[in-house]
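In what follows, a structure is listed as structure tokens, so that the remarks can point back to it.
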Amino acid sequence: MSDLSDAIASANGTVTRTEVAPPLRERCEALGIDWLDKAPAADDEAVDLLDADVAVRLRAVPIGLSGRRLTVAMADPTDLASVDELAAMTAHAIRRVGIEGAAFAELMRSAYGTTAARMAQSLADDGGLATPEAEHNLDAIEADDVHRMAEQPTLINLVNLLLLEAIQSRASDVHIEPFESELRVKYRIDGVLVSQQSPPKHLQAALIGRVKIMANMNIAERYVPQDGHITLRFEGRKVDIRVSTVPTLYGESVVMRLLDKSSLPLDLVSLGMSERHRELIDRMIAKPHGLVLVTGPTGSGKTTSLYAALSKLYDPRKKIITIEDPVEYELEGINQIPVNPKRGLTFATGLRAILRQDPDVVFVGEIRDAETVDIAIRSALTGHLIFSTLHTNDAISSIGRLVDMGAEPFLVASVVEGLMAQRLGRRICPKCAVRRPMPEETAVRLTERELAAFGGEITIGEGCEECGGSGFKGRMGFFEVIRIGGPLRAAIAANRPVIELKSILGDDYITMRRDGIEKAAAGLTTVDEVLRATQDVDELE
């Protein structure tokens with residue numbers, strides 16, 4: 001979103017009086033905490049005691065100051081951890097008051113009506129953070145100067161605010177891209193990059209330097225790729241940020257991937273999987289041994305789906321171990337191992353070690369080479385249930401991929417119990433969804449069978465405050481699931497080509513495109529989203 005106040009309003013748009021305010025208000029009254037229905041006028045002296053990024057993170061706005069007592073309006077005044085942090089940061093005794101959600105958004109807007117872009121512009125106007133030649137000659141800046149600039153309190157606040165805006169906007173990634181005459185910032189929201197107002201070019205070294213310091217990277221090294229990690233606390237929850245930098249013609253390109261465990265849907269229903277597909281998955285993961293593969297390109301949600309399956313499978317009586325590169329989310333009760341090639345811990349060596357731990361279920365983050373394929377297949381043959389991922393266009397192509405990596409077809413046929421492929425598409429925002437006649441340009445892209453499911457109308461999102469005007473909010477999966485049965489197993493053992501394997505798939509097979517079209521017809525997503533996500537997957541008629 002272009003304005004932090006809009007982001008705050010959007011985030012609090014889900015906190016309505018009907019849904020949350022009454023119980024919170026009752027708790028406040030029981031604790032003797034005053035409650036505000038309207039946004040009060042905030043005292044400037046009180047507001048100055050708390051930086052904007054901290055106010056957004058703690059969801060608190062100082063509104064009055066009396067001696068050493070600071071009155072603070074809080075979205076959740078029962079959050080004692082935030083109260084303690086406020087007291088420590090402001091060096092004042094805190095008097096907390098509750099406030100209704102919409103009123104809090106209005107108060108935040110009036111007290112801290114700023115955005116990361118405006119703060120960046122303010123820094124640019126101040127000068128002081130970089131020399132004029134820095135805009136065109138980044139090599140002229142010494143590492144010590146970058147460190148000095150990156151430690152400026154105002155720049156620290158800028159980077160913090162940039163990350164907080166991204167979290168408020170439900171972004172999965174933050175991209176900082178340097179070009180010859182500008183520095184671009186983009187958020188990936190629901191799988192689509194959205195450009196933000198760009199900071200001035202001459203802040204590039206300081207801004208990227210600050211990110212690298214936060215991620216424990218070497219700020220003096222600008223010509224080799226680096227990886228790092230940042231952990232933030234936001235509204236009482238932990239957000240892990242994976243940071244990657246690569247050198248480009250005009251400086252380092254930075255991508256920060258936001259991993260918010262609280263937003264991870266750990267059930268197959270939340271992922272958008274139909275009941276028909278969930279039943280097939282349940283039958284696969286109920287097997288005591290075998291190999292289950294999830295396929296798709298990078299960023300298609302493969303790991304999330306497998307996390308959901310592991311959570312469904314979790315039982316204290318079972319030993320479940322994962323080996324991942326990296327561990328994206330921590331799963332309670334499951335042993336997770338991060339790959340560390342520098343220390344000799346690869347998928348293959350890690351999988352060997354895991355098998356000596358007497359596991360019942362093993363999740364291998366990705367099958368990349370012949371050695372890992374061989375160990376995974378032999379593990380499945382010796383009584384283990386193995387989950388893993390592959391990069392293929394559709395589910396059935398993973399059979400050929402395994403054989404291509406050196407696996408014997410008769411062994412593949414013996415161990416593979418199920419295959420799933422998936423893509424992600426955006427969900428229509430339920431607040432602004434409307435029915436419209438199907439445009440001709442959409443109709444010509446569909447088959448007669450697909451057109452019949454729509455009845456001449458489609459659902460679209462008009463755009464509202466809740467979805468930031470995009471018409472979409474969140475994402476869902478388009479799936480195809482194949483359960484390996486007798487005829488298909490025999491064909492795999494005979495090393496039949498993929499086209500023949502497709503011809504003998506059972507009646508329970510539904511292509512990704514068909515799954516997506518059914519969801520579009522139900523008003524959950526749009527036809528354009530389905531065709532965009534599944535355009536490289538052939539429809540099996």
Open item on the list: Applying side chain to side chain contact (heavy atoms under 4.5 Å, CB included) to F478 and T525, what does each step give before you reach the verdict?
Closed with: CA-CA 10 Å; F478 308 139; T525 187; 4.0 Å; yes
From [atom1] ([X]) to [atom2] ([Y]), nearest 0.5 Å:
| X | Y | atom1 | atom2 | answer |
| --- | --- | --- | --- | --- |
| Q357 | K319 | CD | NZ | 5.5 Å |
| R184 | Q197 | CZ | CD | 14.0 Å |
| F479 | R276 | CZ | CZ | 13.0 Å |
| C467 | R170 | SG | CZ | 8.0 Å |

- [ ] Evaluate side chain to side chain contact (heavy atoms under 4.5 Å, CB included) for K431 paired with K473, printing each intermediate quantity in order.
- [x] CA-CA 9 Å; K431 297 286 186 181; K473 186 172 183 182; over 6 Å; no
Is there a side-chain contact between [X] and [Y] in this structure, where contact means two heavy atoms from C-beta onward sitting under 4.5 Å apart?
| X | Y | answer |
| --- | --- | --- |
| S274 | E518 | no |
| R25 | D37 | yes |
| L306 | T322 | no |
| I99 | P40 | yes |
| L163 | M214 | yes |
| E366 | T389 | yes |
| E328 | T304 | no |
| L385 | E417 | no |

Task: Audit row: D282, R278, salt bridge (charged side-chain N to carboxylate O under 4.0 Å, His left out) steps and yes/no - done: CA-CA 6 Å; D282 287 346; R278 293 198 306 273; over 6 Å; no
Between the main-chain N or O of [Y] and the side-chain N or O of [X], is there a donor-acceptor pair closer than 3.5 Å?
| X | Y | result |
| --- | --- | --- |
| R59 | D76 | no |
| E480 | A395 | yes |
| Q422 | G301 | yes |
| K302 | G296 | yes |
| R68 | A91 | yes |
| S198 | L183 | yes |
| D240 | T231 | no |
| R475 | R426 | no |
| S388 | V364 | yes |
| Q336 | Y329 | yes |

- [ ] Could you walk me through whether R242 and D227 pass the salt bridge (charged side-chain N to carboxylate O under 4.0 Å, His left out) test, one step at a time?
- [x] CA-CA 7 Å; R242 280 165 40 193; D227 294 306; over 6 Å; no
Tell me the closest heavy-atom pair linking [X] and [Y], and the distance in Å.
| X | Y | result |
| --- | --- | --- |
| F472 | S470 | O-OG, 3.0 Å |
| G516 | V530 | O-CG2, 3.3 Å |
| L424 | A533 | O-CB, 3.7 Å |
| C28 | P77 | SG-CG, 3.2 Å |
| L258 | A166 | CD1-CB, 3.8 Å |
| A42 | L107 | CB-CD1, 4.2 Å |

- [ ] Let me see the working for R436 and E462 under salt bridge (charged side-chain N to carboxylate O under 4.0 Å, His left out), right down to the final yes or no.
- [x] CA-CA 10 Å; R436 291 282 188 268; E462 287 190 308; 2.6 Å; yes
TODO: Any chance you could lay out the side chain to side chain contact (heavy atoms under 4.5 Å, CB included) test for Y314 and E332, step after step, and finish with the verdict?
DONE: CA-CA 9 Å; Y314 174 70; E332 186 175 354; over 6 Å; no
Open item on the list: Applying the side chain to side chain contact (heavy atoms under 4.5 Å, CB included) criterion to L65, which one of D48, D44, L70 satisfies it?
Closed with: L70
Open item on the list: Take a 6.0 Å sphere around CD of E29 and say whether it holds more than 12 heavy atoms from other residues, nucleotides or ligands.
Closed with: yes
Task: Heavy atoms from other residues, nucleotides or ligands near CG of D315 exceed 12 (cutoff 6.0 Å) - done: yes
- [ ] Scan side-chain atoms only and decide if R435 and T459 contain a donor-acceptor pair under the 3.5 Å cut-off.
- [x] yes
Task: Working for side chain to side chain contact (heavy atoms under 4.5 Å, CB included), residues I176 and M256 - done: CA-CA 9 Å; I176 302 175; M256 293 177 278; 3.9 Å; yes
Open item on the list: Strictly below 4.0 Å, N to O, side chains only: are D515 and R423 in salt-bridge contact?
Closed with: no
- [ ] Would you check, one step at a time, whether the test salt bridge (charged side-chain N to carboxylate O under 4.0 Å, His left out) holds for D360 with R317?
- [x] CA-CA 9 Å; D360 297 292; R317 295 169 296 180; over 6 Å; no
